[in-house]
Colleague: 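Attaching a single structure in structure tokens format; questions to follow.
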Amino acid sequence: KIHIRLASHRVNASVAVNRKVPRIFTPGQVITEQNEFMSRYNGEVGDVVVGRITEVQQKRWKVDTNSRLDSVLLLSSVNLPGGELRRRSAEDEHMMRQYLQEGDLISAEVQSVFSDGSLSLHTRSLKYGKLSQGILVKVFPSLIKRSKTHFHNLYIGASIILGNNGFIWIYPTANNAEDSVGGFVQNLEEVVSKPERETIGRLRNCILALTQSKMMLYDTSIMYAYEESQKYSVAELLIPEAMVDVAILTQDRLIRVI
């Protein structure tokens, strides 16, 4: 007896609806509902990105920016310590690992896009450079709203970098005493107070709540979510019902403003 399996009977267990019911699909069917959000970051010139150093090479660093290919940060595209403006020497090349090493997080700007789709980054502005203490949150790149600025100092005592690549960096707001060092200082000895850590944790959970409901992320929506979340503790914001409640209240406020 020959048993023929129809295309409609084929089930891909790795693709599920609500993570419970397997999604049935036929060969060649495009799952358009998830493609928009699960796609990799396609960079454009001028985008602000947050990335992680993955490799130190000759006169360049490889950076993970949530793209299909690793991005490139050239030694000639970074500010030297102290903000010096001079040609890079062999000594600078030997000290590359002292500037940035594997695992370091950086903020940068897309300088150009290569023919294969990989990105060339630069950190020539003093607002870019190595990131110090904070929390990295990864979301879908399509949820980051494009705006004139992606660096926000919030009135609640925390700052946020909304990377166009879907990497969001939340950190305590610091003074500008270290702005003249060229973006290579990483102060890990400074003690972050408990209220600051709670604020950062609440912001992180609010972003996850908005992301779960596929809401656009920008300074206004994040601050509205933060304000609406005050009736919950930081830990309670991880409860699914609380996440949905915060997202709905945030959406209502955004609609009223419009």
Side-chain angles (χ1 to χ4, degrees), residues 41 43 45-114 116-138 149-153 158-193 196-197 200 204:
Y41 166 64
V45 175
D47 281 357
V48 174
V49 297
V50 174
R52 187 183 297 276
I53 303 294
T54 59
E55 189 178 353
V56 181
Q57 298 181 344
Q58 185 177 13
K59 295 185 179 180
R60 68 184 60 197
W61 292 271
K62 286 295 188 73
V63 186
D64 173 21
T65 54
N66 197 27
S67 304
R68 185 172 53 88
L69 300 172
D70 279 347
S71 302
V72 175
L73 177 63
L74 298 176
L75 177 61
S76 59
S77 299
V78 302
N79 271 329
L80 294 173
E84 294 182 73
L85 298 176
R86 58 174 173 80
R87 297 191 62 174
R88 277 50 171 176
S89 62
E91 182 181 355
D92 294 321
E93 187 174 346
H94 293 155
M95 295 180 63
M96 283 180 60
R97 200 175 294 275
Q98 296 184 25
Y99 299 157
L100 296 169
Q101 60 182 347
E102 291 87 347
D104 284 346
L105 286 166
I106 64 168
S107 61
E109 183 177 315
V110 177
Q111 183 176 22
S112 60
V113 181
F114 296 117
D116 62 355
S118 60
L119 308 176
S120 176
L121 310 177
H122 80 86
T123 62
R124 291 197 185 96
S125 173
L126 291 180
K127 66 181 179 180
Y128 302 125
K130 185 188 294 187
L131 301 175
S132 186
Q133 300 188 77
I135 293 179
L136 178 67
V137 184
K138 299 181 181 180
T149 176
H150 286 257
F151 292 78
H152 302 284
N153 293 325
S159 298
I160 190 169
I161 304 175
L162 298 172
N164 288 110
N165 59 331
F167 289 2
I168 301 176
W169 182 250
I170 311 171
Y171 60 102
T173 302
N175 54 37
N176 297 324
E178 298 175 351
D179 283 355
S180 61
V181 297
F184 288 106
V185 166
Q186 190 178 40
N187 185 5
L188 299 179
E189 297 181 356
E190 182 180 356
V191 177
V192 180
S193 64
E196 288 178 320
R197 295 198 301 270
I200 293 173
R204 178 251 187 197

Colleague: Can you name the closest pair of heavy atoms from L119 and S67 and give their distance?
Modeller: CD1-OG, 3.8 Å
Colleague: Working to the nearest 0.5 Å, report the span between CD of E196 and OG1 of T173.
Modeller: 8.0 Å
Colleague: Is there a donor-acceptor contact under 3.5 Å from the side chain of D104 to the main chain of I53?
Modeller: no
Colleague: I need the E109 CD to H150 NE2 distance, nearest 0.5 Å.
Modeller: 10.0 Å
Colleague: Can you tell me how far apart NZ (K130) and CD (Q101) are? Round to the nearest 0.5 Å.
Modeller: 6.5 Å
Colleague: Quick check against the 3.5 Å criterion: does N153 have a side-chain atom that pairs as donor or acceptor with the backbone of S159?
Modeller: no
Colleague: To the nearest 0.5 Å, how far apart are CZ in R52 and CG in L136?
Modeller: 6.0 Å
Colleague: Taking the side chain from H152 and the backbone from I160, do they hold a donor-acceptor pair closer than 3.5 Å?
Modeller: no
Colleague: Give the intermediate values and the outcome of side-chain contact (heavy atoms from CB on, under 4.5 Å) for residues Y41 and V49.
Modeller: CA-CA 10 Å; Y41 166 64; V49 297; 3.7 Å; yes
Colleague: Can you give me the closest heavy-atom contact between D116 and S118, atom names plus distance?
Modeller: OD1-OG, 2.7 Å
Colleague: Give me the atom names and distance for the closest heavy-atom approach of Y128 to H122.
Modeller: CD1-O, 4.3 Å
Colleague: Less than 4.0 Å between a side-chain N and a carboxylate O, is that true for R97 and E102?
Modeller: yes
Colleague: Kindly determine whether V110 and N164 satisfy side-chain contact (heavy atoms from CB on, under 4.5 Å), including the steps that lead there.
Modeller: CA-CA 10 Å; V110 177; N164 288 110; over 6 Å; no
Colleague: Is the side chain of S120 donor-acceptor paired with the backbone N or O of Q111 at a distance under 3.5 Å, no angle test?
Modeller: no
Colleague: Where do P172 and Q133 come nearest, in terms of heavy atoms and distance?
Modeller: CD-O, 3.6 Å
Colleague: Tell me the closest heavy-atom pair linking F167 and V50, and the distance in Å.
Modeller: CD2-O, 3.0 Å
Colleague: Measure the spacing between CZ of R60 and CG of L74 and express it to the nearest 0.5 Å.
Modeller: 5.5 Å
Colleague: How close do V63 and T54 get, heavy atom to heavy atom, and via which atoms?
Modeller: N-OG1, 4.0 Å
Colleague: Main chain of G51, side chain of D64: is a donor-acceptor contact present, judged purely on distance under 3.5 Å?
Modeller: no
Colleague: L121 and side chain to side chain contact (heavy atoms under 4.5 Å, CB included): which single residue from D47, T65, V72, V78 fits?
Modeller: T65
Colleague: Determine whether a donor-acceptor pair (N or O, by modelled atom type, separation under 3.5 Å) exists between the side chain of W61 and the backbone of L100.
Modeller: yes
Colleague: Indicate yes or no for a side-chain donor-acceptor contact from K59 to the backbone of S76 under 3.5 Å, with no hydrogens or angles considered.
Modeller: no
Colleague: I'd like to know whether CD of Q57 has more than 12 heavy-atom contacts from other residues, nucleotides or ligands below 6.0 angstrom.
Modeller: yes
Colleague: Among I161, L131, I135, which residue meets the side chain to side chain contact (heavy atoms under 4.5 Å, CB included) test with Y171?
Modeller: I161
Colleague: Where the side chain of Q98 meets the backbone of M95, is there a donor-acceptor pair that is under 3.5 Å apart?
Modeller: no
